[in-house]
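Report on the structure given below.
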Amino acid sequence: MNKVPTPPTPPPPPALHADALTVTRGARTVLDHLTFTVPKGRVTGLLGPSGCGKSTLMRAVVGTQARPTGTLTVLGHPAGHPALRSRIGYVTQAPSVYDDLTVRQNLDYFAAILLADRPTADRRADTTRVLAEVDLTPHADALAGTLSGGQRNRVSLAVALLGTPELLVLDEPTVGLDPVLRRDLWHLFHDLAARGTTLLVSSHVMDEAERCHRLLLLRDGRLLADDTPAALRARTGTDTVEAAFLRLTDEGRAPARTQETLR
């Protein structure tokens, strides 16, 4: 008797899916009908020059952007759904810390809010964990106001890591960091992804694109490409993602046509 073949396991749903996502401010279109998918457990880079719409897209993902149109699904829910609050960590460009509290006190404060349903001992253990992950344990008792800009950025990242969120949205997290700290943070990002966390990391520094599993390239609110760094280099005949980005920009491809070409 022939066995009935087992149906293939469907692929897991993506972490993010956007369809015709648009944001306008007055007469200006900030995001222009973006359609893309971000897979789970990967580092996806959101790259483009300053003012191209990266921060607006990130605010849309975390549900703080006013009046977006189109569709944006995050971890199986519409963006901004209350069920997502504890599942997303968000780091803005400006550090979100209290200068008159120590690093540990900042983390204890946010842990009490974000992890209110957990025992105090568990919250303290989580604080100790994130301090180590962002390499701030030696500065745990320093006032946040006395830290360097890069260290303050790492405090904000530590806050976002509390509770081990499923999705991390990081807006220019390496700005102001020296090359060694940038390298160490990217090692952390890849370690988090290996453990199943999805990361959406924005940057205007093109060499960071090479560190991502996948890339969304933005220009003037339009999606130039959605692909892996290697595929972008190969299909544009260039040696670097920066050169690929410039070629796509010079060719002036429309977003939909670009995606068809690159897939």
Side-chain angles (χ1 to χ4, degrees), residues 8-49 51-93 160 165-172 193 196-204 209 212-229 231-232 245 248-249 252-263:
T9 303
L16 304 176
H17 178 69
D19 187 11
L21 178 65
T22 301
V23 173
T24 58
R25 292 191 190 125
R28 182 187 171 212
T29 301
V30 183
L31 298 179
D32 190 1
H33 290 81
L34 304 187
T35 297
F36 63 86
T37 296
V38 171
K40 288 185 176 180
R42 293 291 184 269
V43 181
T44 296
L46 178 58
L47 282 98
C52 71
K54 299 190 299 295
S55 294
T56 299
L57 175 54
M58 292 190 148
R59 287 194 297 271
V61 168
V62 300
T64 60
Q65 176 59 50
R67 295 185 295 277
T69 60
T71 300
L72 180 57
T73 303
V74 181
L75 300 175
H77 297 278
H81 193 281
L84 296 171
R85 289 173 186 164
S86 63
R87 301 174 66 189
I88 300 175
Y90 179 36
V91 178
T92 61
Q93 289 187 32
E166 297 170 56
L167 171 65
L168 273 177
V169 180
L170 309 177
D171 197 352
E172 305 273 6
T197 304
T198 302
L199 292 93
L200 181 64
V201 183
S202 78
S203 178
H204 62 271
C212 299
H213 297 117
R214 195 167 188 89
L215 297 171
L216 302 173
L217 300 186
L218 284 181
R219 173 82 177 184
D220 297 328
R222 298 166 59 212
L223 187 63
L224 288 180
D226 173 5
D227 218 325
T228 65
L232 282 172
F245 176 82
L248 292 175
T249 300
R253 298 178 181 177
R257 199 165 67 233
T258 299
Q259 291 176 43
E260 289 171 5
T261 301
L262 293 175
R263 287 187 190 278

N/O donor-acceptor pairs under 3.5 Å from side chains in residues 58-75, not counting sequence neighbours:
unit_1 : atom_1 : unit_2 : atom_2 : d
Arg59  : NE     : Gln65  : OE1    : 3.2
Arg59  : NH2    : Thr56  : OG1    : 3.3
Thr64  : OG1    : Arg59  : O      : 3.4
Thr69  : OG1    : Thr22  : O      : 3.4

Counting C-beta onward and ignoring hydrogens, is there a side-chain heavy-atom pair between [X] and [Y] closer than 4.5 Å?
X: Ser202; Y: Glu172; result: yes
X: Asp32; Y: Asp220; result: no
X: Thr44; Y: Pro39; result: yes
X: Asp227; Y: Arg214; result: yes
X: Pro165; Y: Ile88; result: no

First locate atom [atom1] of [X], then atom [atom2] of [Y], and finally report the distance between them rounded to the nearest 0.5 Å.
X: Leu47; Y: Leu224; atom1: CG; atom2: CG; value: 11.5 Å
X: Thr228; Y: Arg42; atom1: OG1; atom2: CZ; value: 11.5 Å
X: Leu216; Y: Leu34; atom1: CG; atom2: CG; value: 8.5 Å
X: Leu215; Y: Phe36; atom1: CG; atom2: CZ; value: 13.0 Å
X: Leu168; Y: Tyr90; atom1: CG; atom2: OH; value: 12.5 Å
X: Leu46; Y: Leu199; atom1: CG; atom2: CG; value: 13.0 Å

Of all heavy-atom pairs between [X] and [Y], which one has the smallest distance, and what is that distance?
X: Ala79; Y: Leu84; result: CA-CD1, 4.3 Å
X: Asp171; Y: Ser55; result: OD2-OG, 2.7 Å
X: Pro229; Y: Ala209; result: CG-O, 3.5 Å

For Leu217 and Leu232: C-alpha separation, side-chain torsions, deciding distance, then whether side chain to side chain contact (heavy atoms under 4.5 Å, CB included) applies.
CA-CA 10 Å; Leu217 300 186; Leu232 282 172; 3.9 Å; yes
Just by modelled atom types, is the [Y] backbone N or O under 3.5 Å from a matching donor or acceptor in the [X] side chain?
X: Lys54; Y: Leu218; value: no
X: Thr37; Y: His17; value: no
X: Thr198; Y: Gly41; value: yes
X: Thr35; Y: Ala20; value: yes

Applying salt bridge (charged side-chain N to carboxylate O under 4.0 Å, His left out) to Arg85 and not counting sequence neighbours gives none
